[in-house]
Amino acid sequence: MMKSVGILGLGHYIPEKIITNQDMEKIVETSDEWITERTGIKERHIAAANQATSDMSFIAAERALADAGVNGEEIDLVIVATASPDHAFPSTACLVQNHIGAKGAAAFDLSAGCSGFVYSLGVASQMIKTGLYKKALIIGAETLSRIMNWNDRNTCVLFGDGAGAAVVGEVEEGLGVLGIDLGADGSGGSFLVQPAGGSRKPASAETVAANEHTIHMSGQDVFKFAIQIMGATSKRALKNAGMTPEDIDLLVPHQANMRIIKSASKRLKVPMEKVWVNVDKYANTSAASIPIALCEAEHAGAMKKGDTVLLVGFGAGLTWSSIVLKWSK
Ligand code: ACO
């Protein structure tokens, strides 16, 4: 019989420094009113100059391990979902593996934009279900402030930094991950892209001068995609779990934009009281947004054992991801 696999512990880390919409008004031509109305964002947190993605991952990881009551040595799989790793190589997951003392554990980064954490939960849960691994540490972490164009008001007001982590392992029968829907539409790749720094356009004085190492986004195209996919992928994951939207006790969506979150709530007919929202405080932290939201929701007592929790995200790729969990803690 296949094992039941779910989340054993959660932890997150938000850097101290806050940049409010009023601060953004001093950086680019924008207004608190525009940002609030179009996105719901009021402020975002930015990593300190000496903090990289791994540093935030370490803290989130230690908190998740403590929450689960698991030692680093017990972890045999480490996945870090990020679009802003410390280096192109080695992976940030290898840095985390070394930091927590998970000797010999498999470790790799996963690139699926803002869908990355839910993708990682999908991958880790299946590898544990089959018995290949026993306990995984999965992290969504981003230092997007380092790859933002601070002169581009179309993008720089939207993003923030942070990290969220989960320990994944065997849970009581019938609880944990019940339905998964992961997918992508690579034809939309150009809508959200960091054009330079890879093999297509290696770093050069020209690419730096042209700001090609920063996030380039066609906001309206991503918006249209997000509105359509959030409901569709959620319904598929629910169907895989033998459930319908009425069964949802808590919806934890990717925190990109309040209008996208409200549209998902409407399409799924899940009232906003059952939707966790923190985009106002942290803006879009990409792969970190769902684990941060999940961790905050748990600390606030928003779910109890046996509750049905739906995680749903979309992001660069373009990708989408949703997972239905019966809460197991
Ligand atoms: N302040 C003031 N005005 C602005 C700003 C700003 N910060 N940014 C853009 N504008 C202006 C534009 O220049 C434009 O002006 P114009 O009409 O004179 O040309 C006007 O506002 C309207 O711009 P739109 O792009 O049409 O605004 P829209 O309502 O589409 O909102 C937004 C833009 C918020 C980016 C929206 O499209 C969106 O949220 N898209 C989804 C983005 C997203 O979720 N991205 C993350 C994906 S996940 C990942 O993997 C990272």
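Numbering of residues begins at 1 and proceeds along the displayed sequence. Order of appearance sets the numbers: ligands from 1, and atoms from 1 within every ligand.
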Heavy-atom distances under 4.0 Å decide this one: backbone, side chain, both or neither, for V28 against ligand 1?
neither
For ligand 1, which atoms, with element, lie under 4.0 Å from some heavy atom of R38?
22 (C), 27 (O), 28 (P), 29 (O)
Indicate yes or no: does an N/O atom of S286 lie under 3.5 Å from an N/O atom of ligand 1?
no
Salt-bridge criterion met for K329 and E172 (N-O under 4.0 Å):
no
Checking the N or O distance criterion of under 3.5 Å, is ligand 1 in contact with Q220?
yes
Quick one: does ligand 1 sit under 4.0 Å from the side chain of M24, the backbone, both or neither, non-hydrogen atoms only?
neither
What part of N284, side chain, backbone, both or neither, has a heavy atom within less than 4.0 angstrom of ligand 1?
side chain
Once you restrict to heavy atoms under 4.0 Å, what part of N154 touches ligand 1? Side chain, backbone, both or neither.
both
Checking contacts now, so for atom 14 (C) of ligand 1, which I'm interested in, is there any protein heavy atom under 4.0 Å?
no
Please state which part of F223 comes within less than 4.0 Å of ligand 1, counting heavy atoms only: side chain, backbone, both or neither.
both
Within-cut-off N or O pair, T30 and ligand 1, under 3.5 Å
yes
C114 and ligand 1 - part of the residue with a heavy-atom distance under 4.0 Å
both
